[in-house]
Structure formats: structure tokens, C-alpha cells
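Let me begin by presenting the structure, written as C-alpha cells, before commenting on it.
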Amino acid sequence: MRSQWDCLLQNLGEWQGSFTRFSPQGEPLTDTPTVVSLEGLNQNQTVRQVIRRYPPDRAVEETVLEYSSLARSVLVFETGAFSQGSMQWGPFSEFGAELGLIAGNRRLRLVQLYNKEAQLSQLTLIREKRAGTDTPERPPLTVDQLLGEWLGEAITLYPDWRSPDTYSTQLTIERQDSNHLIQRLTFGVGESVQTLTSSARIDGAILHFQDGALPVQVVLLPDGASSNCPLTIKSGHSFVLEVGWLVEPNLRQRLIRRYSDRGSWVSLTLVREQRVRNPIAEARGL
């Protein structure tokens with residue numbers, strides 16, 4: 001397996017896109033064009049990152065970073081998918097994480113932020129393509145695009161750098177009626193296989209899951225993206241921060257940052273899943 005640093009180098013290049021801020025309810029607030037370049041220096045022993053923002057009503061904003069190692073709060077997969085963020089949640093402190101995925105010449109990143117009252121305060125979706133390429137952005141995600149049976153492979157990395165875990169996943173999402181769906185997720189290997197069943201109320205582009213101790217919402221976003229996280233974090237309850245990305249009609253990636261019931265960051269999981277049954281296509285005889 002590649003080193004964490006070599007995995008990071010999969011992100012080298014110039015990425016053109018935008019930072020779009022959304023409210024917790026998925027309402028777009030601002031959209032700022034951006035160019036982010038990551039250049040390898042000293043035979044790729046150092047990375048120089050330049051972030052340029054082009055706000056419509058202000059001068060260009062530029063941030064320059066150079067680093068030769070990764071913080072403990074960062075983990076990266078061989079594909080270049082990565083996450084960085086808070087290692088510990090605690091009451092009365094700001095908290096959040098960035099989750100990033102790569103597919104060909106496109107990159108998608110999502111930042112989920114919580115305020116000092118432990119409430120989801122802001123989502124930022126970052127959609128990018130490599131300079132000189134024309135891979136199109138995908139349409140906004142819809143509920144119908146998620147329905148069916150998805151078979152996947154998952155790999156989990158740990159902040160203490162123990163050996164990764166790999167295992168299979170099976171996700172089934174079905175409509176109960178026009179306003180509700182049910183989801184069954186099976187994952188793990190051998191005696192550690194688990195099946196989780198949950199239901200959601202469909203409210204436009206938001207799925208409200210109320211089954212667990214913490215209410216969770218999935219917001220369907222542009223470019224085939226989705227944000228999955230609790231509305232409020234509470235002491236004594238484990239939780240996840242997740243981004244999903246439908247990169248092809250039947251191919252999806254998910255990146256999941258998991259926290260324990262004590263608020264400690266415990267793992268990062270990348271799932272790549274293929275839809276093997278599509279009820280919408282079946283109903284149309286396709």
C-alpha cells in the first residue's frame with residue numbers, strides 16, 4: 001500500500017471550480033469561483049498549495065500553504081480521497097471536517113461545520129475539474145437515483161495507523177410511499193457482519209432520518225453529491241460525517257468519518273459501490 005504522502009500526491013495539479021455555501025437546510029447562500037493548485041517541490045517531498053478565490057464583489061483572495069508532512073487529523077486513500085478535520089468533538093467548541101473524493105479529472109469536496117452549540121451551521125460544497133479538461137458536472141442528486149440495491153467494497157483507515165480493514169457492503173434503498181423510504185445497510189466480514197435498517201421522511205431534497213438517538217439528515221446537492229450528518233451532536237452518542245458522490249448513473253462513492261460516543265475520531269472509510277438493481281429502470285422495462 002502507498003504511503004499516506006504518496007496517496008496525497010494523487011491530488012497534484014490545478015483544480016478549477018467553486019466553493020458553494022449552503023445553509024443546514026440545503027439552501028444555496030453564496031458561490032465563489034476558485035482555482036486551487038497543488039504543486040510538488042523538492043522531488044515531491046514538499047507540496048505547495050495555492051488557493052485563489054474570485055468573489056464577485058471583492059478583490060481576488062489568495063492563500064499559500066507549504067507542507068512536507070500530514071497532520072494526524074488527516075487520512076488519505078490510494079485514490080487520493082481524503083479527509084481532514086477535528087479529532088475530538090466537545091461541548092462549547094466549533095467542530096467540523098472536510099471530506100474529498102476524486103473520480104478521473106473531477107474532484108468533489110464537502111465541508112460540514114458545527115457551531116459552539118453543537119448544531120450544524122454550514123455546508124460548503126466544492127466542485128472542481130482539472131485544468132485543461134472538460135469532464136462535465138453531474139446534475140443535482142435525486143431520490144430516484146439512489147433507489148435500488150448497491151454492492152460495494154469498503155476500506156477503513158485508522159488515525160493510529162493500524163492495518164486497514166477491507167470488507168463488502170450491501171445497501172438497499174426502497175420507497176415506502178411518495179414521502180418515505182427505507183434503507184438497509186449490511187457490512188463487515190465473518191462474525192462481525194452488521195445490518196442496520198432505518199427509514200427517512202422525504203422533504204424535497206432532504207431525507208430526514210429519525211430512527212436513531214441523533215436525528216440525521218441527508219441533503220441532496222449539485223453534481224450528484226449528498227451530505228449525511230446529524231443536525232445536532234450530543235454527548236454520549238456516536239455519529240458519522242459523510243459525503244456521497246454519484247459519479248455515474250450506477251456508480252457511487254461514499255467517504256465516512258466516524259466518531260465515538262466520547263466524541264473521538266475513530267476511523268475513515270471509503271466505499272465504492274455499484275448499483276446492481278434499479279427499480280425505476282425495471283418499472284420502465286429497461
Side-chain angles (χ1 to χ4, degrees), residues 22 25-26 77 79 81 99 101-108 110 123 125 127 129 134-156 166-190 192-212 215-230 240-256 269-286:
F22 292 85
Q25 294 74 38
F77 292 88
T79 62
L99 302 122
L101 293 166
I102 293 182
N105 289 315
R106 290 200 67 88
R107 194 166 72 150
L108 183 136
L110 178 70
L123 302 171
L125 181 66
R127 294 162 281 170
K129 65 177 182 179
D134 58 0
T135 308
E137 179 178 314
R138 290 198 56 78
L141 189 64
T142 66
V143 171
D144 284 352
Q145 290 175 315
L146 296 176
L147 299 179
E149 182 179 354
W150 301 80
L151 298 182
E153 293 294 330
I155 179 169
T156 296
T166 58
Y167 47 93
S168 299
T169 65
Q170 180 179 11
L171 174 64
T172 303
I173 303 175
E174 299 175 337
R175 274 189 187 269
Q176 290 180 301
D177 54 48
S178 60
N179 297 317
H180 297 86
L181 59 78
I182 188 166
Q183 172 178 287
R184 286 184 296 274
L185 174 63
T186 301
F187 61 95
V189 291
S192 64
V193 171
Q194 300 181 55
T195 298
L196 305 176
T197 301
S198 55
S199 59
R201 176 174 58 86
I202 303 169
D203 180 13
I206 299 181
L207 309 179
H208 297 276
F209 288 86
Q210 303 286 341
D211 299 328
V216 169
Q217 71 174 20
V218 175
V219 182
L220 310 183
L221 295 166
D223 199 15
S226 59
S227 168
N228 176 358
C229 59
V240 302
L241 306 179
E242 174 182 325
V243 64
W245 193 16
L246 188 72
V247 294
E248 296 178 13
N250 295 312
L251 182 63
R252 190 166 178 241
Q253 297 184 35
R254 292 187 289 124
L255 190 60
I256 306 152
T269 299
L270 175 64
V271 182
R272 287 177 283 185
E273 52 198 4
Q274 187 88 27
R275 182 160 56 178
V276 296
R277 184 178 65 81
N278 182 344
I280 302 297
E282 291 173 359
R284 295 171 179 168
L286 301 177

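No experiment lies behind these values; they were computed from the predicted model shown.
When side chains are defined from C-beta on, L151 does not count as touching Q274, because their heavy atoms never get closer than 4.5 Å. With contacts defined as side-chain heavy-atom distances shorter than 4.5 Å, the pair L221/F22 qualifies. Side-chain contact check for V240 versus T269: every heavy-atom pair is 4.5 Å or farther apart. Using a 4.5 Å cut-off on side-chain heavy atoms (C-beta onward), R272 and E153 make no contact.
A salt bridge links D144 to R175: one of the charged nitrogens lies within less than 4.0 Å of a carboxylate oxygen.
Of the possible polar contacts, none joining the R127 side chain to the R138 backbone as a donor-acceptor pair under 3.5 Å is found. Although no hydrogens or angles enter the test, the distance criterion places a donor-acceptor pair under 3.5 Å between the side chain of W245 and the main chain of D223. With hydrogens and angles disregarded, a donor-acceptor distance shorter than 3.5 Å links the side chain of R106 to the backbone of T135. No donor-acceptor distance shorter than 3.5 angstrom exists from the side chain of R184 to the backbone of T195, with no hydrogens or angles considered.
In terms of heavy atoms, P230 sits closest to L241 at CD-CD2, 4.4 Å. When all heavy atoms are compared, the tightest approach of D134 to K129 is CA-NZ, 4.3 Å. The two residues S178 and I202 make their nearest non-hydrogen contact at O-CD1, 3.9 Å. Nearest heavy atoms, R275 versus G148: CD-CA, 4.5 Å. Contact between A154 and T169 at its shortest, heavy atoms only, is CB-CG2, 3.9 Å. Contact between V247 and A103 at its shortest, heavy atoms only, is CG1-CB, 3.7 Å.
With rounding to the nearest 0.5 angstrom, the CG atom of L147 is 7.0 Å from the CG atom of L181. Considering CG of N250 and CG of N278, their distance stands at 6.0 Å, rounded to 0.5 Å. Rounding to the nearest 0.5 Å places CG of D203 at 10.5 Å from NE2 of H180. E273 contributes atom CD, which lies 9.5 Å from atom CG of L246 (distance to the nearest 0.5 angstrom). To the nearest 0.5 angstrom, D177 atom CG is 11.5 Å from I182 atom CD1. Considering CD of Q253 and CG of L108, their distance stands at 9.5 Å, rounded to 0.5 Å.
Looking at Q183 and S199, their side chains never bring a donor and an acceptor atom within 3.5 Å of each other.
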Given side-chain contact (heavy atoms from CB on, under 4.5 Å), test F77 with I155 step by step and report yes or no. CA-CA 9 Å; F77 292 88; I155 179 169; 3.4 Å; yes
Walk me through whether R277 and T172 qualify under side-chain contact (heavy atoms from CB on, under 4.5 Å). CA-CA 9 Å; R277 184 178 65 81; T172 303; 4.1 Å; yes
side-chain contact (heavy atoms from CB on, under 4.5 Å) for L101 and L270? Distances and angles first, verdict last. CA-CA 9 Å; L101 293 166; L270 175 64; 3.6 Å; yes
Full working for side-chain contact (heavy atoms from CB on, under 4.5 Å) between I102 and T79: CA-CA 7 Å; I102 293 182; T79 62; 5.7 Å; no
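Partner S226 forms a side chain to side chain donor-acceptor pair (under 3.5 Å) with one of R254, R252, Q145 and no other, that one being R252.
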